[in-house]
Amino acid sequence: MIYFDNNATTPIDERVFDAMLPFMKTMYGNPSSVHRLGRIAKSAVETAREHVAALVDAEPSQVIFTSGGTEANNLAINSAFGKLAISAVEHSSIFEPAKRFDFDVIPVNRDGLIESKTIAELIEKRPDFVSIMLANNETGVIQPIAEIAAQLNERGIIIHTDAVQAMGKIPVSFKQLGVQMMSFSSHKIYGAKGGGALIVDKSVSISPLLLGGGQEQNYRSGTENVAAIVGFGKAAELAKAELDARQTRMLSLRTMLENKLAQFSKVTIFAQNAPRLPNTVLFGVDGIDGELILLKLDQKGICLSSGSACASGASEPSPVLIAMGISPEKAQTAIRVSLSHQNTPAEVLEFIELITPFGA
Ligand SMILES: Cc1ncc(COP(=O)(O)O)c(C=O)c1O
């Protein structure tokens, strides 16, 4: 089997699994308990908090653990006030909660990027809260969040960024980006599903989604998912130590794949000219439905997605590509390869061989 769907989820790193296991077996204490088992769990949660904060250059006290990226995004949007604006390429976990508000949509250009003049126009509309993702899950396009945040901060506008796909793939600094909130997810960085975090600048007020025992500084009540949190911390620690090597490896595989694809006249790589994650290639073969290629390759043991995983199976073209001004027919051809540092050049070559019969 070849696994090229790492933006949907990543396999758990063996070292992460080993770190988690004791917290499901012998060290099962509740972090709120005063006795020794409780203290062990509490201390493990706090160590994980330090690792997550270190990976994204934030303070541990700014980390609120959640059940994943979706909850982190919902917590951020739930804390929005006044006029809300979100980008046209956000994940459904931003779009859906935003529908509770009257919100503006910030357009992207043909490369999937938000331009500086678009932000200047947005500011004219006087929004109070803006959410723009750092890296897109389908195209891999990286937005210039630091510049955008500087423009917005100057006017006192709050900005949240969904950095779920950026974490562990490119350097991310909460301090340098200048945003007030940032979302992350553990299972995109070789941790377990069901773990994530919202990083929050405490000058901003947060409206909790869950009320109860007051865990996570009252921002997220509920007994902590200790094993998942410990795994997230371990995954963050490893990602920080190995970030350079992982980036280099993914980029060399991506370059190899793109060079091979460039030899096929009917292939388009979407957003090719924009700054992109080192692991993501969204492409299409003219006239061939991406879903069809996906299903045929699945029979050969290759795992990939056509656009976002949640949109897979639905026949609607990707809203992200439509927002970029791509025609629905062309958008329908999209197939996403999302690589991992664990992939090999041999896997890329096998993939190329298998898609060649599709007239690539
Ligand atoms: C950009 C982005 N945001 C948020 C999420 C949701 O994260 P989770 O699966 O942890 O809820 C995803 C997952 O696909 C994503 O790609």
Side-chain angles (χ1 to χ4, degrees), residues 3-12 16 52 55-56 63-78 86-98 106 108 112 114 131-143 145 159-170 172 177 179 181-199 209-210 220 222 225 227-229 231-233 235-236 239 271 276-282 303-314 318-321 323 334 336-340:
Y3 189 74
F4 277 174
D5 200 17
N6 291 280
N7 285 6
T9 194
T10 53
I12 291 201
V16 170
V52 169
L55 177 60
V56 297
V63 177
I64 305 170
F65 284 121
T66 65
S67 65
T70 297
E71 188 189 326
N73 281 344
N74 272 261
L75 182 54
I77 298 298
N78 198 50
I86 68 172
S87 93
V89 294
E90 294 303 309
H91 189 260
S92 50
S93 55
I94 292 289
F95 253 106
E96 292 302 320
I106 308 160
V108 296
I114 295 170
S131 182
I132 300 174
M133 71 200 327
L134 181 51
N136 185 267
N137 44 301
E138 295 184 39
T139 57
V141 168
I142 301 168
Q143 299 294 344
I145 293 295
I159 172 167
H160 160 259
T161 192
D162 173 351
V164 162
Q165 292 293 345
M167 185 190 222
K169 296 180 187 133
I170 55 171
V172 174
L177 286 175
V179 297
M181 294 182 210
M182 203 171 205
S183 302
F184 297 108
S185 172
S186 165
H187 73 101
K188 310 287 184 180
I189 67 159
Y190 308 90
K193 293 163 186 67
L198 184 70
I199 313 281
L209 293 165
L210 301 178
R220 205 278 182 182
N225 186 350
I229 290 172
F232 191 17
R276 277 176 303 141
L277 294 173
N279 79 319
T280 308
V281 184
L282 186 71
C303 302
L304 16 88
S305 284
S306 58
S308 80
C310 352
S312 250
S318 146
V320 170
L321 291 177
R336 181 185 69 186
V337 171
S338 50
L339 301 158
S340 153

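When a ligand or atom number is given, it counts from 1 through the structure's own listing order. These numbers come from the heavy atoms of this one structure, side chains and all, not from hydrogens, waters or symmetry mates.
- Residue N73 has at least one heavy-atom neighbour below 4.0 Å for each of these atoms of ligand 1: 3 (N), 4 (C).
- Near H187, the atoms of ligand 1 lying under 4.0 angstrom from a non-hydrogen atom of the residue are 8 (P), 9 (O), 10 (O).
- No donor-acceptor distance shorter than 3.5 angstrom exists from the side chain of E71 to the backbone of G196, with no hydrogens or angles considered.
- Listed by atom number, the atoms of ligand 1 under 4.0 Å from N137 heavy atoms are 1 (C), 16 (O).
- For K193, no heavy-atom contact with ligand 1 is shorter than 4.0 Å.
- A side-chain donor-acceptor contact under 3.5 Å links N136 to the backbone of V89.
- A donor-acceptor distance shorter than 3.5 angstrom exists from the side chain of T10 to the backbone of H187, with no hydrogens or angles considered.
- A heavy-atom distance below 4.5 Å is not found between the side chains of I86 and M133.
- Taking any N or O of G69, backbone or side chain, at least one lies under 3.5 Å from an N or O belonging to ligand 1.
- Q165 places a side-chain N or O within donor-acceptor distance of the main-chain N or O of N7, the cut-off being under 3.5 Å.
- Residue contacts with ligand 1: Q165 is placed with a nitrogen or oxygen under 3.5 Å of a nitrogen or oxygen of the ligand (distance criterion only).
- Set against the non-hydrogen atoms of G68, the atoms of ligand 1 under 4.0 Å away are 10 (O).
- Atom 6 (C) of ligand 1 has its nearest heavy-atom neighbour, among N74, T70, N7, in T70.
- In this structure, the side chains of I170 and P278 come closer than 4.5 Å at one or more pairs of heavy atoms.
- Distances from ligand 1 to the non-hydrogen atoms of S93 include at least one value under 4.0 Å.
- No side-chain donor-acceptor contact under 3.5 Å links T161 to the backbone of A163.
- With a 4.0 Å cut-off on non-hydrogen atoms, E71 does not touch ligand 1 at all.
- A donor-acceptor distance shorter than 3.5 angstrom exists from the side chain of R336 to the backbone of N137, with no hydrogens or angles considered.
- Annotation: ring pair (Phe, Tyr, Trp, His ring centres under 6.0 Å) contacts of Y190 (sequence neighbours excluded): H341.
- Within ligand 1, counting atoms from 1 as listed, the ones closer than 4.0 Å to a heavy atom of M133 are 1 (C).
- A heavy-atom separation below 4.0 Å is found between K188 and ligand 1.
- Using a 4.0 Å cut-off between heavy atoms, T9 makes no contact with ligand 1 at all.
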